[in-house]
**Q** 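The structure that follows is given in the form of structure tokens.
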Amino acid sequence: LFVLRRVMTALVKGENSASVVPYRESKLTALLKQSLGGSSFTVMIACIAPLQEYAEDNASTLSYATLARKVPNVPAVNLDPRQAAIEDLKHTVDVLGQRLA
């Protein structure tokens, strides 16, 4: 999880920074590369305990979740080029059909 925090911190700093995002330093971060700062939606569920004895752990968890929330993602639909062409042709057929009617 230490490397995951480093990756999220590097992503929050932004592309203007000269630092490299260390995705390859962990199998977990390599698997999450597309989700963290990529083209996917990311959801993080933070579980905290209501007891006072876990206050420090809760604060750490909430800090971690806040950092994850600041990671910029740009969700995009990944379409097969052939499927996109088919959808475009269907739309063209619909438009031409409306012109004839």
**Q** To the nearest 0.5 Å, what is the distance between OG1 (Thr66) and CE (Met8)?
**A** 10.0 Å
**Q** To the nearest 0.5 Å, what is the distance between CG on Leu32 and OG on Ser26?
**A** 8.5 Å
**Q** Transitively linked via ILVMFWY side-chain contacts under 4.5 Å: Leu62 with Leu4?
**A**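 Shared cluster, no.
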**Q** For the residue pair Asn58 and Ile48, what are the closest heavy atoms and their distance?
**A** OD1-CB, 3.3 Å
**Q** Can you confirm whether more than 12 heavy atoms, excluding those of Arg69, are under 6.0 Å from its CZ atom?
**A** no
**Q** Is the shortest heavy-atom distance from the side chain of Leu67 to the side chain of Thr9 under 4.5 Å?
**A**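 Yes, side chains in contact.
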**Q** Which residue pairs satisfy the salt bridge (Lys or Arg N to Asp or Glu O under 4.0 Å) criterion with at least one member in residues 25-51, sequence neighbours excluded?
**A** Arg6-Glu25
**Q** Within the structure provided, determine whether Tyr23 and Val7 are in side-chain contact (heavy-atom separation under 4.5 Å).
**A** yes
**Q** Looking only at non-hydrogen atoms, find the nearest pair between Pro72 and Leu11 and report the distance.
**A**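 Where Pro72 meets Leu11 most closely, the heavy atoms are CD-O, 3.7 Å.
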**Q** Can you list every side chain to side chain donor-acceptor pair (under 3.5 Å) pair that touches residues 79-88, not counting sequence neighbours?
**A**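 For residues 79-88: Gln83-Glu87.
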**Q** If we ignore hydrogens and angles and just use 3.5 Å, is the side chain of Ser60 paired with the main-chain N or O of Glu56 as donor and acceptor?
**A**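 Not confirmed, Ser60 side chain does not pair with Glu56 backbone.
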**Q** Could you tell me the separation between the CG atom of Leu89 and the CG atom of Asp94, rounded to the nearest 0.5 Å?
**A**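 Between Leu89 CG and Asp94 CG, I get 11.0 Å after rounding to 0.5 Å.
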**Q** Of all the heavy-atom pairs spanning Ala46 and Thr61, show the shortest one and how long it is.
**A** CB-CG2, 3.7 Å
**Q** In Å and rounded to the nearest 0.5 Å, what is the OH to CE distance from Tyr64 to Met44?
**A**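 Rounded to the nearest 0.5 Å, the OH-CE separation comes to 6.0 Å.
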